[in-house]
Amino acid sequence: MLPLLNYLNGHYQPAHNGRTLPVTEPATGQPYATLPDSAAPDVDQAVRAAEAALPAWRRRPAEERGRLLLRLSELITGHLDRLAQAESQDTGKPLSLARTLDIPRAASNFAFFGTLAQHFATETHLQEGLALNYTVRHPLGVVACISPWNLPLYLLTWKIAPALAAGCCVVAKPSELTPYTAHLLGELATAAGLPPGVLNVVHGTGARAGQALVEHPSIRGISFTGGTVTGRHIAAVAAPQLKKLSLELGGKNPTLVFADCDLAEAVQTSVRSAFANQGQICLCGSRILVERPIYEQFKTEFLAQVQELTVGDPLAEATRQGALVSEAHLHKVLSYIELAYREGGHLLAGGQRVQLPGRCAGGYFVQPTVFEGLGPECRVNQEEIFGPVVTLTPFDTEQQALAWANGTEYGLSAAVWTRDLARAHRLSHQLHAGVVWVNTWLHRDLRTPFGGMKSSGVGREGGLEALRFFTEAQNVCIKL
Ligand code: NAD
């Protein structure tokens, strides 16, 4: 068993209570590591270390902080294979995906914010002849970064990097399901020269370690990515203490395919957006709405490409679909497949758990699954499944597609496939989605605001929005 440890004040250590939790490899169903079952004393130690490191860290020029983050970025790139291997083993995602998406993006996060902090200018407001106002953005202080299991290092560093760049010190709480790369990050942070206490990683459950972190009175801001139910709970805990909150939550994203689109590209990208990371990306398009004149052709080509998605050992190069993250999640996804039948859905592809031979015999694999014949109001089209299950639905008018696209409690992302520029603009502005892609998907520019509307979240990450979140604006007014 690999013992994963907390990273506190620049050192690795177990939980104060000595307790551990098993970490399971989703591809085998076997435990392979343990993580500390941390509680309030561990969180308190981490927060105190961060508080002690804060005065010196916030005083450093942005350029110096940035240089350390750039060094950390280089170290992540230098350890690409080891980190990708760890991420794949921990999550069940194909190694090829971890190597090309997760880990390179973690390196980019540090490189991007390490540089951006130097371009973070403050504003001045001149009242002619009366006064000059200028705004100072102070680091918020000690902040919590809490992340989910689907893109472990990618999302954790998307929070840590801007927090550190802005001059905050961090206590990070990765998902208890996928702690491995966050554990390795401590070692790289030390090697990069981050001063002890600037970054601390506390492992454990949400209910114990996460809750203690959110409740801690010295935490000034919480950047959280995870489920909507958890986000609501964290908001309720944090509100009486008036903590600053950024909540990136669930989604049920629509893909709108119009008859005038480039069909080949729309099909290929929609297959990817439906099933990348086994459908376990918050931005995956799980409700695919297709204009009726091309519905049958889209369906035929879509299903042909779905058949080619090889489900297999995540460590094998040919694997396109790995395992779901946990046994509990496997059963949740299978229960939605059952529900789809009960709601009158007609199965077009998949629908079964996959039993692989050998090493992966106990793994949590599900075939990429496609249903049609389900109305926009049914639960399968309303609730977040967060797995490889999607629906195809024909539509007749733009207004109908828009109403269905907007007809859920969520509003994270949407994709629109059309060659009609006017329609692309018109629809984009009317879609309830924090991110709209036109003729593309998961095309990310780290400078852009990222976040959801409605039950998909509050606040925006990315670019200057993230630096604004991790700072507090102060206005200084000088009489002229
Ligand atoms: P989750 O809400 O169960 O857990 C997320 C994190 O919160 C974990 O680290 C967990 O330990 C912690 N946590 C749980 N209870 C807590 C509490 N009481 N106090 C503090 N922390 C607590 O989510 P998950 O199952 O890990 O992730 C899947 C969800 O994340 C999906 O809904 C998905 O859509 C969402 N997600 C959203 C985005 C986005 O950018 N909007 C990105 C990725 C995933």
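Positions are given from 1, in the same order as the sequence printed here. Not measured: the values here are computed from a predicted model. All ligand and atom numbering here is 1-based and tracks the order in the structure.
- The six-membered or imidazole ring of H331 lies away from that of Y364, with a centre-to-centre distance of 6.0 Å or more.
- Atom 7 (O) of ligand 1 has its closest protein heavy atom at F224 CE1, 3.1 Å.
- Checking side-chain atoms of E465 against main-chain N and O of G462 turns up no donor-acceptor pair under 3.5 Å.
- The nearest non-hydrogen atom to atom 19 (N) of ligand 1, considering only K332, E248, E215, Q211, comes from Q211.
- Distances from atom 10 (C) of ligand 1 to the heavy atoms of E176, R232, E461 put E176 nearest.
- Ranking the protein heavy atoms by distance from atom 31 (C) of ligand 1 puts E384 OE1, 3.4 Å first.
- Scanning all protein heavy atoms for the shortest distance to atom 21 (N) of ligand 1 gives G210 CA, 3.6 Å.
- When hydrogens are left out, the protein atom nearest atom 28 (C) of ligand 1 is F386 CE2, 3.7 Å; that is the closest non-hydrogen contact.
- Inclusion of S456 in the set of residues having an N or O under 3.5 Å from an N or O of ligand 1 is not warranted.
- Residues R82 and E187 are paired through a salt bridge, judged by an N-O separation under 4.0 Å between the basic side chain and the carboxylate.
- The nearest protein atom to atom 13 (N) of ligand 1, hydrogens excluded, is given as G206 CA, 3.4 Å; this is a heavy-atom distance.
- With hydrogens and angles disregarded, a donor-acceptor distance shorter than 3.5 Å links the side chain of Q278 to the backbone of G322.
- For ligand 1 and L155, the ligand atoms under 4.0 Å from any heavy atom of the residue are 42 (C), 43 (C).
- Every atom of ligand 1 with a heavy atom of K173 under 4.0 Å away is listed here by number and element: 9 (O), 10 (C), 11 (O).
- Looking at R460, its side chain does come within 3.5 Å of a backbone N or O of G452 through a donor-acceptor pair.
- Counting heavy atoms closer than 4.0 Å to ligand 1, residue A209 contributes nothing at all.
- Heavy-atom contacts of W149 reach the following atoms of ligand 1: 24 (P), 25 (O), 26 (O), 27 (O) (cutoff under 4.0 Å).
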Please walk me through it: do T225 and K159 pass side chain to side chain donor-acceptor pair (under 3.5 Å)? CA-CA 9 Å; T225 298; K159 298 178 180 306; 2.7 Å; yes
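- The main-chain N or O of E383 is found under 3.5 Å from a side-chain atom of K252 such that the two form a donor-acceptor pair.
- Ligand 1 has at least one atom lying under 4.0 Å from a heavy atom of P174.
- Of the protein's heavy atoms, L249 O, 3.1 Å lies nearest to atom 37 (C) of ligand 1.
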Trace of the side chain to side chain donor-acceptor pair (under 3.5 Å) decision for D90 with Y32: CA-CA 9 Å; D90 216 19; Y32 76 97; 2.5 Å; yes
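- Looking at V237 against ligand 1, nothing comes within 4.0 Å, counting heavy atoms.
- With hydrogens and angles ignored, the 3.5 Å screen pairs a side-chain donor or acceptor of N381 with a backbone N or O of L374.
- In this structure a side-chain-to-backbone donor-acceptor pair under 3.5 Å is present from T190 to G186.
- Heavy atoms of G452 stay at 4.0 angstrom or farther from ligand 1.
- Near G227, meaning under 4.0 Å from any of its heavy atoms, are these atoms of ligand 1: 1 (P), 2 (O), 23 (O), 29 (C), 30 (O), 32 (O).
- Every atom of ligand 1 with a heavy atom of S175 under 4.0 Å away is listed here by number and element: 9 (O).
- F386 pairs by the ring pair (Phe, Tyr, Trp, His ring centres under 6.0 Å) definition with W149, not counting sequence neighbours.
- Every residue two or more places apart in sequence or in another chain that forms a salt bridge (Lys or Arg N to Asp or Glu O under 4.0 Å) with E372 is listed here: K299.
- The C282 neighbourhood of ligand 1 comprises atoms 34 (O), 36 (N), 37 (C), 38 (C), 39 (C), 40 (O), 42 (C), 43 (C), 44 (C), with distances under 4.0 Å to a heavy atom of that residue.
- For ligand 1 and H233, the ligand atoms under 4.0 Å from any heavy atom of the residue are 18 (N).
- Considering G250, G226, P148 only, the shortest heavy-atom separation from atom 35 (C) of ligand 1 involves G226.
- Taking any N or O of S147, backbone or side chain, at least one lies under 3.5 Å from an N or O belonging to ligand 1.
- Taking a cutoff of 4.0 Å between a charged side-chain nitrogen and a carboxylate oxygen, R232 and E409 qualify as a salt bridge.
- Polar contact with ligand 1: absent for T225 (N/O pair, distance under 3.5 Å).
- In terms of modelled atom types and a separation under 3.5 Å, the side chain of K454 and the main chain of N406 share a donor-acceptor contact.
- Which of V435, I281, T230 comes nearest to atom 3 (O) of ligand 1 through a heavy atom is settled by distance: it is T230.
- Using modelled atom types, no side-chain atom of E87 and backbone atom of I103 make a donor-acceptor pair closer than 3.5 Å.
- Considering only non-hydrogen atoms, atom 44 (C) of ligand 1 lies nearest to N150 out of L151, I146, N150, N253.
- Here is the list of ligand 1 atoms found below 4.0 Å of a heavy atom in F450: 40 (O).
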